[in-house]
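Please read all numbers here as calculations on a predicted model, not as lab measurements. All heavy atoms count here, side chains included; hydrogens, waters and symmetry mates do not.
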2 protein chains.
Amino acid sequence: MRYSQQREVILNLIQNTKIHPTADWIYSKAKTHIPKISLGTVYRNLKKLEQDKLIATIYDGNVARYDSNMEKHDHLKCNICGDLIDINKNNIDISKTILRNFNFKVSDIEMTISGTCKKHT
Amino acid sequence: MRYSQQREVILNLIQNTKIHPTADWIYSKAKTHIPKISLGTVYRNLKKLEQDKLIATIYDGNVARYDSNMEKHDHLKCNICGDLIDINKNNIDISKTILRNFNFKVSDIEMTISGTCKKHT
DNA sequence: AAAATAAATAGTAATAATTACTATTTATTT
DNA sequence: AAATAAATAGTAATTATTACTATTTATTTT
Ligand SMILES: [Mn+2]
Ligand SMILES: [Mn+2]
Ligand SMILES: [Zn+2]
Ligand SMILES: [Zn+2]
């Protein structure tokens, strides 16, 4: 993958925030560095960075958010501000542990387990 | 909430399938019963049915799917066909149990824990 | 260093999912 | 049967994302 200033700025933005930003957030921040950058360039590079395993896409409801923490981890999602907070599996024995460790009151745990179903054996 | 034939058809369709259908799937099936039904009506009723806790919305990547199984449960998502398969928490001790019980090979477990973060205490 | 090459970009158009709007219809109450 | 307000059909608007294309630019070759 050939170097481009645009991609470097995009990756840096994602790496320097903990907010798991959306494409639009990245686009508006990137414009302060490269005023002529286009939204298409942002999306194209997000795809490439994901293919290169430099970032991961998290679908948060109906919008994609991007994460540069490539260690396997899960998230706490606040119902009020929508923040996504990184957690590690070993930390999450139960809701009580989360309340203790993160001062976060759990109301729901959603889990999606991906893989290959029996139709493809 | 006042009765409407449209809403009854929509709810019945969701209750009579295990596929966790999308709005479009519901729309096309509903048209065979009520040819003049509009897509807006489908979405409006999906929202109302959710508010009334008759169905739940599952965000599967970037599209919403609808589920009439209102018992707390999680899903296995097949990477190949995209099927969502209901599971219960007690069943999911580990990947091995899932392989045994569902003949489903786990490649990834994603978990989102919702609640209220410390900023709102 | 200049020319050649192919990848990346800007800008715009297209698509898909969802929500909003409004005149008309319909379920329910009076 | 008339009145009322909720629900609908049909369409327009919005949002997120992808596609397209002429131009620019990073890298390689001479
Ligand atoms: Mn994260
Ligand atoms: Mn389900
Ligand atoms: Zn919060
Ligand atoms: Zn499958």
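Taking 4.0 angstrom as the limit, A:N62 places none of its side-chain polar atoms (N or O) nearer than this to OP1 or OP2 of D:dT17. Proximity of B:S4 to the phosphate of D:dT8: a side-chain N or O atom is located under 4.0 Å from OP1 or OP2. A sub-4.0 Å separation between OP1 or OP2 of C:dA10 and a side-chain N or O of A:T41 is present. Phosphate proximity of C:dA8 to A:K48: present, with a side-chain N or O under 4.0 Å from OP1 or OP2.
Between the C1' atom of D:dT17 and the CZ atom of A:R65 lies a distance of 16 Å, rounded to the nearest Å. Here the C1' atom of nucleotide D:dT17 and the CD1 atom of A:I26 are 14 Å apart, to the nearest Å. Whole-Å rounding puts the B:Q6 CD to D:dA6 C1' distance at 12 Å. Protein atom OH of B:Y59 is 7 Å distant from nucleotide atom P of C:dT18, rounded to whole Å. Rounded to whole Å, the distance from CD1 on A:I37 to C1' on C:dT12 is 16 Å. As a whole-Å value, the separation of A:M1 CE from C:dA6 C1' is 16 Å. Rounding to whole angstrom units, OH of residue A:Y3 and C1' of D:dT27 are separated by 14 Å. A straight line from NZ of A:K47 to C1' of D:dA16 spans 11 Å, rounded to a whole angstrom.
Residue-level contact check: A:Y43 touches the bases, meaning some heavy atom is under 4.0 Å from a base atom. Nucleic acid contact class of A:L39 (heavy atoms, under 4.0 Å, all strands): base.
Side-chain proximity of A:A64 to D:dA9, D:dT17, C:dA8: nearest is D:dT17. Of the listed nucleotides (C:dT9, C:dA17, D:dT8), D:dT8 has the atom at the smallest distance from the side chain of B:R44. If you check D:dA9, C:dA8, D:dA7 against the side chain of A:R7, the one that comes closest is C:dA8. When the nucleotides C:dT18, D:dT17, D:dA9 are ranked by their closest atom to the side chain of B:I34, D:dA9 comes out on top.
Note on A:I87: it does not cluster hydrophobically with A:Y66, by side-chain heavy-atom contacts below 4.5 Å among ILVMFWY residues.
Considering all non-hydrogen atoms of both residues, B:L39 and B:A23 come closest at CD1-O, 4.5 Å. Residue B:Y59 comes nearest to A:N62 through the heavy atom pair CE2-CB, 3.7 Å, listed as atom of the first residue, atom of the second, then distance.
Across all strands shown, the partner of C:dA7 is D:dT24, judged by Watson-Crick or G-U wobble contacts whose two distances both fall under 3.5 Å. Across all strands shown, C:dA20 forms a Watson-Crick or G-U wobble pair with D:dT11, both key distances being under 3.5 Å.
The side-chain tip of A:K47 does not point at the ring of A:Y43 from less than 6.0 angstrom away and within 45° of straight on.
Residue side chain B:R2 reaches the base of C:dT26 through a donor-acceptor N/O pair under 3.5 Å, judged by distance alone.
Along DNA chain D, the nucleotide nearest A:G40 and the nucleotide nearest A:D24 are compared for position; the residue whose nucleotide lies closer to the 5' end is A:D24. The residue among A:K36 and B:Q5 whose nearest nucleotide of DNA chain C is located toward the 5' end is A:K36.
Below 30°, between 30° and 60°, or above 60°: for B:H73 and B:H20 the angle between ring planes is between 30° and 60°, a tilted geometry.
Counting heavy atoms from C-beta outward, A:M1 and A:R7 have side chains that approach closer than 4.5 Å.
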